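Here is the naming used below: chain letters follow the sequence lines, and residue numbers restart at 1 for every chain. Only this structure's heavy atoms are used, side chains among them; waters, hydrogens and symmetry mates stay out. Because the structure is predicted, anything quoted here is derived from the model rather than measured.
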Amino acid sequence: MVDLTLSLAPGTYGAENREGPGVTVSQRHGLHILHLAGDLSDTDFPTAARHALGLPLPQLAGETRDGHGVRVLWLAPNRWLVVSGHKLETDAFGEKASVNDVGQGRSVLRLSGRSVRDLLCKGCPIDLDPQSFSAGHAAATLLGHLNVVIDCIADDVFDLYVTRSFDHFIHDWLVRAGKEFGVRISAA
Amino acid sequence: MQKYSIFSLARNALTSHKNWGEAWRNPDPKQEYDVIIIGAGGHGLATAYYLAKNHGITNVAVLEKGYLGGGNTGRNTTIVRANYLLPENELFYEHSLKLWEGLSQDLNFNVMFSQRGVINLAHTDAQVDAHQRRGNAMILNGADGVWLNKHEVKARAPLLDISDRARFPIKGGLLQPRAGTARHDAVAWGFARGADARGVDIIQNCEVTGIDIENGGVVGVQTSRGAIKAKKIGTAVAGHTGHIAAMAEMRLPIESHVLQAMVSEPVKPCLDTVVTSGATHTYISQSDKGELVMGGDLDLYNSYAQRGNFPRIEEVVASVISMFPAFSRLRLMRTWGGVMDMSMDGSPIITKTDINGFYINGGWCYGGFKATPGSGWVYAHTIANDTPHKLNEGFALNRFEHGYMIDEEGSGATPNAH
Amino acid sequence: MNHQPFRKPTGGNIDRSQPLTFTFDGKVYQGYSGDTLASALMANGVKLLARSFKYHRPRGLTGYGVEESNVLVQLRTGARSEPNIPATQVELYEGLVAESQNRWPSLHFDIGAVNSKLSGLFPSGFYYKTFMWPAKFWPFYEHAIRHIAGMGKSPTLEDPDSYAHNYRHCDVLIAGGGPAGLMAALSAGQSGARVILCDENADFGGMLRGRRDTIRGKPGPEWVADTAARLAAMKNVRLLRRTTAAGYYDHNLIVLDERVADHKATPENHEPRHRIWHVRAKEVVLATGSIERPLVFADNDRPGVMLTSAAQAYANAHGALAGRRAVIFTNNASAYAAAADLKAAGIEVQAIVDLRDSLEAPELKIAANANIGVLNRHVVVAAHGAKSVHSVTVMPVDSNTTPVGEAQEILCDVVCLSGGWTPSVHLFSQSRGKLCYDETLSAFVPDKSFQRERSAGACQGAFQLDACLHEGAKAGAQAAVAAGFATTAADVPRCSADAVVKPRLLWAIPAPDHLHGGKQFVDLQNDVTAADVGLAYQEGYHSVEHLKRYTTLGMGTDQGRTSNVNGLAIMAGHRAEAITAVGTTTFRQPFTPIPMGAVAGLNAHDHVAPVRTTPLHHWHESLGSPFAPTGQWLRAQGYPKDGETLEQATMREAKHVREKVGIVDVSTLGKIDVQGPDALEFLNRVYINSFSNLAVGKCRYGVMLREDGLVDDDGVVTRLAENRYMITTTTTHASAVMNRLEYLLDVDWPSLNVHLLSVTDDWSGIAIAGPHSRTVLTKVTSADLSNSAVPFMGYAEIDIDGVPVRLFRISFSGELAYEINMAPNATRTVWDALLKAGANQEIIPYGLEAMNVLRIEKGHVVGGELNGRTTADGLGFGKMISTKKAFVGKVPARRAGLTRDDIHQLVGLVPTDEKTRIPRGAQLIADPKATKPVAMQGEVTSQCMSPNLGHPIALALLNGGRARHGETLKAHSPITGQTVTVTVTNPIFIDPQGERLRG
Amino acid sequence: MLEINCPYCGKRAQKEFTYAGDAGAERPNLETGTNQDWFEFVYLRNNPRGLHDELWHHSAGCRRLIKVRRDVVTHEIIDTGAPSDSLSTGAS
Ligand SMILES: Cc1cc2nc3c(=O)[nH]c(=O)nc-3n(C[C@H](O)[C@H](O)[C@H](O)COP(=O)(O)OP(=O)(O)OC[C@H]3O[C@@H](n4cnc5c(N)ncnc54)[C@H](O)[C@@H]3O)c2cc1C
Ligand SMILES: NC(=O)c1ccc[n+]([C@@H]2O[C@H](COP(=O)([O-])OP(=O)(O)OC[C@H]3O[C@@H](n4cnc5c(N)ncnc54)[C@H](O)[C@@H]3O)[C@@H](O)[C@H]2O)c1
Ligand SMILES: Cc1cc2nc3c(=O)[nH]c(=O)nc-3n(C[C@H](O)[C@H](O)[C@H](O)COP(=O)(O)O)c2cc1C
Ligand SMILES: [Zn+2]
């Protein structure tokens, strides 16, 4: 059977560089994440959502919005990911919205470091150059075999949303892909 | 026909091979034929050969838009097998396999049919069940099948990784010992030479651009070299079946898709059998010249381009080196694609149609090379007698309408899952 | 050993302060940093380097770069061993080990060379004509053929190196970093566009590396270094050395292969050995240069016969001399400067043998200045020597280029050939570009483009340096503009002048009879001669594609780089047609061979497909459960106790559950959240049964058909709220079902207001089953679990040990059972709570295998039965089919073939002896001794030993089986040699009335 | 590898999409479709050698189905849109 022992073990893997590991991976715990679906053209819904979030919903592909401790990612037409440090009521979005709590169904990994874009480019086919994909951009796309959401937090900081059951696999992938840069998996 | 043998070879060596004749003529089309076969691939040429040989019909033309054998016959991974679950398929392919076994001698052309065995790997218990079920059906239908445990698999393919750490560990394999490979080009050339010698006109660089139909029956074709009359017309154009059918205003349960194949650089013998894996949809063998010949899944979108996509190559190669880790440092030398006629249940169509004198042979999906002699045999019968051979009764078009699909994979009505 | 007899004392772009030691065929040599294996062997005077494929003829170097067709070596050793590596492509490193190939016992004494003596028997395609008798001998013949064929050897050990992929986007990609490519990069770079410039060699410069051109009055390599430095300083320009543009694909995707560490003994500090780049470029500039063409004459394969530009480059760039005395044989002007270079390097140039009638002033001047004699209107008709050339025979030609008159022999140990130049149009052709034949250059050049690319420099027929620089500058600017940037062409430096290449053609030089003509090789690697081409013609293989396949011309690892044009031109001659009419064969990816490991990147071995694990994975693991891959998931199979086999554990667990209680991890089941005002309507359309009267808080089993009317999947639908449902799918079908539902909503029924979300990972699942399951559950919750509060197929939202969970009263085992869904992080809490609370009831965990036994006993269908060929009625769902509503698959399910009497129907099987296990995968037949083909009536789909019944059982699909209960048949498995007599039964072996699960 | 312009997400690599077949086949009405209608929809294809309207599922992106008009010989994409959009013919 496939050996999964490597993954998730904290430590530094791969290349040794004077500047330290090129990428650091840490798991973001305790996030509350809602998957929100609703029809923007139905006025009740965006109004209710705005009330609940204190923010208007982003409407452009790849757009994110931030405020009041909440980050909202555009996923698809009429679909968003609402990420926050505090619990949000699922019924605050009005009757017209379809809301699912997906906070534990996804792993959120914080990737940072000077080589983080190079690492992502090893498996992600979208244009990740800073001039095309900068802080505030998010995209549902691929990383290796997996469907992921990539959210650019700052120039060399990214959050990666991965379906939970792939947790072992993505860690293993990140370690392998990151070895050439030196990769640190920080303690959970 | 000049006979080929070691003696004729030695005799010709003395005259520096200046006296070999043409393997086939390059005639101009006549005005009219009894039968026109569209497409000089293995199937079209075999059909013409057996029309002449088995049915005495020699006023036949095979029209080819490019060079003979240049379609899928010239670009496939050359696996010949008869390892099916469903009786319609198994009986037909077994008949074909028997023809393969005597083909070089029959054609007096060495098609290098190599019965090196084909192994289907099983990676899970469910696959062990499914493969043994199929093996049982093969044997009951009169073919050969052997179950190998993983060590027996390894003994036949020593570079295979049979460790448990593999993502798709090997639990065993279904071997068909009489299956194997053949030299693809030689099959087209051998049939062409045999058909030509029996009077068939093979006309290359002659593209069919229209089918002439009068009063519900065919009367001839339009081609890039002018109109040619014919009493009967049969298609054998593989990936282009849909296109030709449209000329006769027919819609078929067929889509055209690209399948790629590839070879490594040639190396000394390192794989003496054919290994296939359903889990990753990969097949690999080593040619007599030494290259590893590899193929996988379709590119999975409709295409009439003989050209593929890189991600599929990556997937095939990744699964090959996952099975054979030692091949990682061998280098990929050439990749190419072919246009496949994917039928909606994964099984072929060999049938007369509602248009008098118009016959269709297509829907070969991933696996029509192995059918070549069998297909020619039953198609010639169907055309000559205007009624199907027993072995292709099930391959009629109306099976879809009435729900008698021959769906080995159980994937349902999709043109790309078989 | 320090002695390198063919190394100039000075000069060349090598670092003489860094000597390197290497081994070839076991002998130790020395070269320098900056050498290739080829240049180092040349400097050491090693000429015999290879044996040919078919005839085992002695061979030496012919080229300088990727065009090398003879000298392929087995490089490195052990797990890092690699076959067929052209010595010209190997950068020397300390300790390099290489061996020659395809010879035995040694390069100098090769038994296989007897083939050369028998070559009369081996014309092209000889194997099609023989080895047919007796038919049963073919395997022996084939065995011998296979051992003679092949070249190097495959490694047998796992590759220790790693490989990477890299996805990038850019505005302008430039393939090839010669003068044209460098200028293109300058133009595009100054526009601000994102530029990638790649070249397959260790450094940029292309042909400039091996010539003595001057740019801005300085040697070419200096200008190259300056330009590379300028480009490196531009932030928007990425320079990739040792990087081959391997393939040009649709929509301007170019695949690059970067050889990150091949120039070292091993990769360092975890770097990948190769990196494959997937570059999506807005615009492309092809600046891939050209390759010199050899000339075809008798025994033109003798070691020492090589391309003029190659000998020139070895001398200029490495100070390595191809020999002491050279004869240059050319049909065009480009060889003169090379001849002068060789002379300057210290090689005695005996003569330039030039096929042309009259020569032009510039080249005559070069020859005169260098004091080299020119024999115009002469040809080399044959080379002589065995393991090295020692002379050539030269003859005058008449106006028809037929050799006439007196032959003279010229002594030499190098013969340099220049038959004109072949533009490298591979990538252009891969991009679907159309070629046209340029009569003046006698070469195929790019004509019409189809993708967003343009060619510049020698690859599009510009053979003068000045033109290359100009064209490159222009193409780079054009590409940047097309990509949306404003710019003009970069300033073009002045440079030295080049000869104008206008070859006079003679595709194969006829050898006069008295010389007993040796073989005239066209394709050196595959040993294809001009006579073979003639034979192909004579036998009717007229198309270039037939020529290629019949003779194997151009099918070697070099893909005919130096042979294809000569071959097709010879064929054109036989056909008496223009070369255009003959055409070329198809250029395919990759440009040069790439390691399969690199192609696979990270996606091989255990990462060839991803795996999914449940939140309880480590718990299962800690109990020593083996795992079964199910789709992407790993599922715990069971918990063998000390000394128990998995099979024994399975029996114990399955029995225990029916008698007491057990829990099992069912997190892998697919789950889809269905919300919206039209959710009910949607479900009614996709399931065969109706949900209209399903109350909130209730579950119902559902079956879906495919569009063709056969069963797709089954699962449980639970109404969570008025407009909200959760549906489950089988583990392996989950994503296919989700995709199909999304399709139906988006494409076919956009007016339905329904939101779907896959929530498989958002809810983990535990099933608790067995007569004590309620008792155990009651201990961990205060909720009312009575039959009236939570009846069979009821649903409740309750707390377990403080964890809010969804409770479904459903049963897969046929026992009183519940399924619990909870937030994944709480899974372990609930699992532990149940185990703890159930201690008195002797609760146990059970695995996939026991679950499977329980469901077979209960006659539930899964994979083997849901085989994609079964109907709803056949599986026993007939009563569920709604007659009141329309649903997907309803109409096609009524077709004759799907409603016939003898269709597969689900039945149970019991061995008549009540002892023998029913073989897996057995076919059901009447008589195993019947003559074949034997009619098969059905098949065993699932089988097990039933611990609860005490005898083996099976589920099967049997023609018209429902009406055949009580019949006996043979379950026959010839492949395992088993036959068991079985009785057909009801498929529900346990509690057919369903009293236990309602209890 | 193709590059497909998702009308919702923008240009994305084909790797992110799953091919979902011919967009020309018209699904019969669930209530009124006859056996013949379903036979044609489920099995028969125009399979043209030229422009082809087809559906792609942006399975690793927005998960929406989109319609693509593509030349199946050259693989050029002429236009993309929502499944119900009528796409441009490419003739300009
Ligand atoms: C990559 C690949 C791998 C494969 N691997 C295997 C395998 O391992 N085993 C196996 O059994 N099968 C395999 N197949 C399938 C097999 O190659 C084909 O099913 C089989 O060769 C079809 O033979 P054919 O004679 O029907 O078609 P083809 O050989 O394609 O011949 C059809 C001919 O019709 C001509 N034609 C088309 N349109 C016209 C027109 N309008 N006018 C005139 N002529 C026309 C074409 O030019 C062509 O020459 C593979 C196919 C591919 C592409
Ligand atoms: N008259 C003559 O003597 C004559 C004839 C032909 C060429 N030339 C000379 O050749 C040069 C032509 O310049 P240019 O820039 O067009 O070509 P070039 O040959 O100088 O450079 C092309 C470069 O591209 C590289 N390359 C080719 N295919 C590649 C691929 N797929 N991936 C990566 N790299 C690849 C080559 O290795 C080479 O380094 C000029 O210097 C010209 O003087 C002279
Ligand atoms: C079984 C098999 C083996 C092949 N071996 C080689 C080979 O050794 N060298 C090579 O260049 N091409 C090889 N090819 C590929 C052909 O060159 C060619 O790509 C293929 O027939 C498709 O034709 P096309 O590329 O001209 O479209 C092989 C093809 C097949 C089917
Ligand atoms: Zn999208």
Side-chain angles (χ1 to χ4, degrees), chain A residues 1-5 8 13-17 29 33 35-39 42 78-79 95-107 118 120-129 131-132 142 144-146 162-170 172-173 176-183, chain C residues 162 164-170 194 260 267-272 275 277-278 280 601-603 605-615 617-618 621 626-629 632-634 667-668 673-677 723-724 753-764 822-826:
Chain A
M1 193 197 50
V2 173
D3 183 8
L4 295 168
T5 47
L8 294 168
Y13 299 90
E16 287 168 27
N17 305 307
H29 290 294
I33 311 173
H35 182 280
L36 178 62
D39 189 350
D42 179 332
N78 293 332
R79 285 181 178 238
E95 280 191 358
K96 300 274 176 74
S98 300
V99 187
N100 274 285
D101 182 341
V102 297
Q104 294 183 23
R106 314 200 173 197
S107 296
D118 289 337
L120 291 171
C121 281
K122 293 181 82 167
C124 176
I126 63 175
D127 186 351
L128 288 174
D129 256 21
Q131 66 186 73
S132 317
L142 281 172
H145 291 294
L146 305 184
V162 188
T163 305
R164 176 193 179 108
S165 49
F166 291 116
D167 213 27
H168 289 98
F169 188 80
I170 192 72
D172 211 44
W173 190 89
R176 290 181 195 208
K179 273 190 178 164
E180 63 171 303
F181 316 108
V183 55
Chain C
S162 70
H165 285 178
N166 194 3
Y167 294 87
R168 297 286 173 169
H169 297 250
C170 73
R194 285 189 291 173
V260 181
E268 289 163 15
N269 203 12
H270 298 275
E271 70 191 343
R275 177 181 284 116
W277 296 64
H278 304 72
R280 182 79 66 182
L602 285 172
N603 300 331
H605 312 299
D606 50 347
H607 275 228
V608 70
V611 289
R612 300 173 82 167
T613 55
T614 74
H617 186 81
H618 289 303
E621 214 170 27
F627 292 88
Q632 294 176 324
W633 291 94
L634 296 180
S667 302
T668 64
D673 181 83
V674 184
Q675 291 192 54
N723 288 330
R724 185 171 192 187
N753 187 349
V754 178
H755 291 129
L756 301 177
L757 186 69
S758 164
V759 293
T760 303
D761 279 65
D762 301 304
W763 296 94
S764 59
M822 68 235 93
N825 291 350

Please check if the side chain of Q104(A) supplies one atom and the backbone of N825(C) the other of a donor-acceptor pair under 3.5 Å.
yes

Can you tell me how far apart CZ (R176(A)) and NE2 (H605(C)) are? Round to the nearest 0.5 Å.
9.0 Å

Heavy-atom pairs under 4.5 Å with chain A: which of T760(C), T614(C), L756(C) has the most?
L756(C)

What are the two closest non-hydrogen atoms of L757(C) and V102(A), and how far apart are they?
CD2-CG1, 4.1 Å

Does any heavy atom of chain A fall under 4.5 Å from the side chain of Q632(C), the backbone, both, or neither of them?
side chain

What part of L146(A) lies closer than 4.5 angstrom to a heavy atom of chain C: side chain, backbone, both or neither?
side chain

The side-chain hydrogen bond (donor to acceptor under 3.5 Å, both in side chains) partners of D673(C) (sequence neighbours excluded) come to N100(A), Q675(C), R724(C)

Between C124(A), G144(A), A97(A), G103(A), the one whose heavy-atom pairs under 4.5 Å with chain C are most numerous
C124(A)

May I ask you to decide whether E180(A) forms a salt bridge with R275(C), counting only side-chain N to carboxylate O separations under 4.0 Å?
yes

Side-chain contact, heavy-atom cut-off 4.5 Å: R194(C) with Q131(A)?
yes

Partners of D118(A) by salt bridge (charged side-chain N to carboxylate O under 4.0 Å, His left out), sequence neighbours excluded?
R168(C)

Using heavy-atom distances under 4.5 Å, tell me whether W633(C) contacts chain A through its side chain, its backbone, both, or neither.
side chain

With only heavy atoms counted, which part of R280(C) is less than 4.5 Å from chain A, the side chain, the backbone, both or neither?
neither

Between G601(C), A609(C), S667(C), which shows the greatest number of heavy-atom pairs under 4.5 Å with chain A?
A609(C)

Determine the option with the most heavy-atom pairs under 4.5 angstrom with chain A, choosing from N166(C), N269(C), N603(C).
N269(C)

Any side-chain donor near an acceptor of the partner, H755(C) and H35(A), under 3.5 Å:
no

Taking every heavy atom of P824(C) against every heavy atom of G105(A), the minimum-distance pair comes out as CG-N, 4.4 Å

With a 4.5 angstrom heavy-atom cut-off, could you sort out which part of A628(C) is near chain A: side chain, backbone, both or neither?
neither

Of the backbone (N, CA, C, O) and the side chain (C-beta and beyond), which part of V608(C) lies under 4.5 Å from a heavy atom of chain A, both, or neither?
backbone

Could you check whether T163(A) and D761(C), counting side-chain N and O atoms only, form a donor-acceptor pair closer than 3.5 Å?
no

For the student: nearest non-hydrogen atoms of P610(C) and F166(A), plus distance
CB-CE2, 3.8 Å

Are D129(A) and H169(C) close enough, and set up right, to give a side chain to side chain donor-acceptor pair (under 3.5 Å), and what steps lead you there?
CA-CA 8 Å; D129(A) 256 21; H169(C) 297 250; over 6 Å; no

Pair count under 4.5 Å, heavy atoms only, with chain A: among P629(C), P615(C), S162(C), highest is P615(C)

Between CG on residue L602(C) and NZ on residue K179(A), distance to nearest 0.5 Å
10.5 Å

Please evaluate residues H607(C) and F169(A) with respect to the criterion ring-ring contact (aromatic ring centres under 6.0 Å, His included), reporting the C-alpha separation (whole Å), side-chain torsions for both, the decisive distance (0.1 Å), and the verdict.
CA-CA 8 Å; H607(C) 275 228; F169(A) 188 80; 4.3 Å; yes

